[in-house]
Amino acid sequence: MSQHALLSAGTKSWRSLACSRSELRLDLTLGCGQSFRWRETGDGHWTGVMGGRVWTLTQTDDTLWYHTYNSPNTIGGDGRKRRAGSLLQGSKGSGKRSKGVIEGKEEEEGEPVAVTPDRKEEELLNDYFQLKVKLGDLYRDWGAADPHFNSIAKIFTGVRMLRQDPTECLFSFICTSNNHISRIQGMVERLCQSLGTPLCQLDQTSYHDFPSLHALADNSVEACLRDLGFGYRARFLQQSARQILDSHGGPHWLQGLRSAPYLQARDALRTLPGVGPKACVVPVDTHVWQIAKRDYSCAAGNGQKSLTDKVHRQIGDFFRQLWGPYAGWAHSVLFCSDLKKFQKLKETHSLKQEEEEKVKIKEEGEGINKKIIKMCNRKVKMSVKEEVE
DNA sequence: TTCAGACCTGT
DNA sequence: CAGGTCTGA
C-alpha cells in the first residue's frame, strides 16, 4: 500500500519552488479555515487534493517542496490531465486577464504546448497560492497603516489567500454557517468521500476529488447529506447546485465570476440558497465583529445584539478603508491570529522574546563594570546592617 | 428596511 | 452558544 511522502525519506520524489516562510506559511494558510481539505500527515507535511490530484506539501526555510501521487484510475490515461486542465480552461474562456500565472505559458493557441507534468504542477501551485502576489510588500503596507496588524505580523507571517476551485470554495462556504472549523472539516471530508471521484489511497486514508455540480445537484443528495450530519445545510447545498445547473448553465458560470466585477460577482453568489451577507471581500461574522470592537475600538453596532446588515457594511467598510484593496488578505491574517488553535504560537513567541530579554539583561549585566556590583554589594551590606540594627 | 427566532449538530 | 441564513412580522 502507498504511504504519505516524507521529505526526510529523500528528495528524489519531490520537486521544489523557491519560497520563503514570510511569503507562505503552510500551517497557517492551510489550517485557518479557507480550505478544509488539508491535513498534517507528517511533521510539517500537509496532504490534500487540489487541481484534481493528491499532493503532499512541506517547506524548509527558503523552499516549498511538493510531491504528487498517481491515481490508479488515471495512470497512463489522460483523465488526470484533462481534470487538472479544466480548472484553468474555465478562466481562459472567460477572459485572458484572469489566467494569471498560467498566462503566457499556453498563450499560443496554434500548437497545444506540451507542458511537462512538473511544469504544470508548478503552475498549479503558483496559481493556488497566488505566489506572484508579494506578501512581504503587503505586510509592510498594512503594518504602516495599522499598529495592531503590526503587532500580529511578526508572528503570523505568510498567511495567504488561496485561489481555490470555485465549486469547492462555494460549497465549502455553504457548510460554514453557524459552524466551526473542526466540524466543517469533517463534513467536507464526508462530502467528498461519498460524492467525489476517488483518487488514491495512502496509509488507510482514501482521497477523493471534490464532487461535481452534477453529483451535488442530484435529488438524493439532501437526504444523503442529512444522514452525514449536515443538518439544515444539506438542502442549501443541493439547491444551490441545482440552481447553478438549471438557471446558469453549469460550472462555467462559477468560473466566469472570477473575472466579473466584484459587486456583480458577490450579488450573483448571494442569489444562491445558503449564501448570505457574509459572502464579501472582508467576510464579517460575529468573530470579526469581536475583533473590531476589542482591537480597534470600532463602535459599529455597539448597541446591537446581533450582526445586522448595517453592522456588516460598517465593519466591512472600516477594514476596507484601513487596509485598502487587499483588505481580504489582511483579514485572513487577523482572523488566523485569533484562532484558538494558533494561540500557542503567540506564547512561544513571547517566551522567545522573554528569553531574548533575559539574555540581553544578562549580557548587559556582565558587561557592566565592577563599580556597580561593588555598589550593590555595599547596599546589600548596608541593608543587612540596617536590618541587624 | 430592520429584527427576532428557528434551524442541525456537537461541546 | 457556535466563524450564518432564511423567514415572517
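The basis for the numbers below is simple: all heavy atoms, side chains too, and nothing from hydrogens, waters or symmetry mates. Throughout, protein chains are lettered first and strands after them, A, B, ... in sequence-line order, and every chain is numbered starting at 1.
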Donor-acceptor check, side chain of A:Ser172 to backbone of A:Ser35, threshold 3.5 angstrom: yes or no? no
Can you check the A:Lys305 NZ to B:dT2 P distance for me, whole Å? 18 Å
Tell me what A:Cys336 touches on the nucleic acid: a base, only sugar-phosphate, or nothing, going by heavy atoms under 4.0 Å. nothing
Take atom P in B:dG10 and the same atom in C:dC6, then report the distance between them in whole Å. 23 Å
Between C:dG3 (C1') and A:Phe342 (CZ): distance, integer Å: 14 Å
Would you please confirm or rule out a distance under 4.0 Å between OP1 or OP2 of B:dT2 and any side-chain N or O of A:Thr308? no
Between C:dG3 and B:dC3, how far apart are the P atoms? Round to whole Å, please. 22 Å
Integer-rounded Å distance: B:dT9 P and A:Leu237 CG: 14 Å
Whole-Å distance between B:dT11 P and A:Gln185 CD? 13 Å
Does anything in residues 33-51 of chain A pair up under salt bridge (Lys or Arg N to Asp or Glu O under 4.0 Å), and if so which pairs, sequence neighbours excluded? A:Arg39-A:Glu189
Check every strand shown and say whether A:Arg226 touches a base, only sugar-phosphate, or nothing at a heavy-atom separation below 4.0 Å. sugar-phosphate
Work out how far the P atom of B:dT11 is from that of C:dT5, and round it to whole angstrom. 23 Å
Round to a whole Å and report the spacing from CZ of A:Phe230 to P of B:dC7. 20 Å
Any donor-acceptor pair under 3.5 Å from A:Arg160 side chain to A:Phe129 backbone: yes
Stepwise, does the salt bridge (Lys or Arg N to Asp or Glu O under 4.0 Å) test hold for A:Lys120 with A:Glu123? CA-CA 5 Å; A:Lys120 183 142 239 157; A:Glu123 285 169 5; 5.8 Å; no
From B:dC3, B:dC8, C:dG3, pick the nucleotide closest to the side chain of A:Leu339? C:dG3
Would you please say whether a donor-acceptor pair under 3.5 Å links the side chains of A:Thr56 and A:Tyr69? yes
I'd like to know if A:Arg183 reaches the base of B:dC8 with its side chain such that a donor and an acceptor end up less than 3.5 angstrom apart. yes
Between P on B:dT9 and NE2 on A:His180, what's the gap in Å once rounded to a whole number? 14 Å
Pairs under 3.5 Å (Watson-Crick or G-U), crossing ones as [ ], inter-strand ones as |: DNA chain C comes out as ||.||||||
For A:Ser13, is there any backbone N or O sitting under 3.5 Å from a side-chain donor or acceptor partner on A:His67? yes
Would you list the protein and nucleotides 4-6 of chain C atom pairs, both N or O, that sit under 3.5 Å from each other?
from	atom 1	to	atom 2	distance (Å)
C:dG4	OP1	A:Thr286	N	3.4
C:dG4	OP1	A:Thr286	OG1	3.4
C:dG4	O4'	A:Asn178	N	3.2
C:dG4	O6	A:Asn178	ND2	3.3
C:dG4	N1	A:Asn178	ND2	3.2
C:dG4	N2	A:Tyr232	OH	2.9
C:dT5	OP1	A:Gly276	N	2.9
C:dT5	OP2	A:Pro277	N	3.4
C:dT5	OP2	A:Lys278	N	3.1
C:dC6	OP1	A:Gly274	N	2.9

Just the rounded figure in Å: distance from C1' of B:dA6 to CZ of A:Arg235. 12 Å
Ring-plane angle category for A:Tyr296 and A:Phe318, please: parallel below 30°, perpendicular beyond 60°, tilted otherwise. perpendicular
Between A:Trp65 and A:Thr11, a side-chain donor and acceptor under 3.5 Å: no
Just the rounded figure in Å: distance from P of C:dG3 to CZ of A:Phe319. 16 Å
Would a 4.5 Å heavy-atom cut-off, applied to side chains only, mark A:Lys293 and A:Asn302 as touching? yes
Are A:Met50 and A:Glu168 close enough that some pair of their side-chain heavy atoms sits under 4.5 Å apart? no
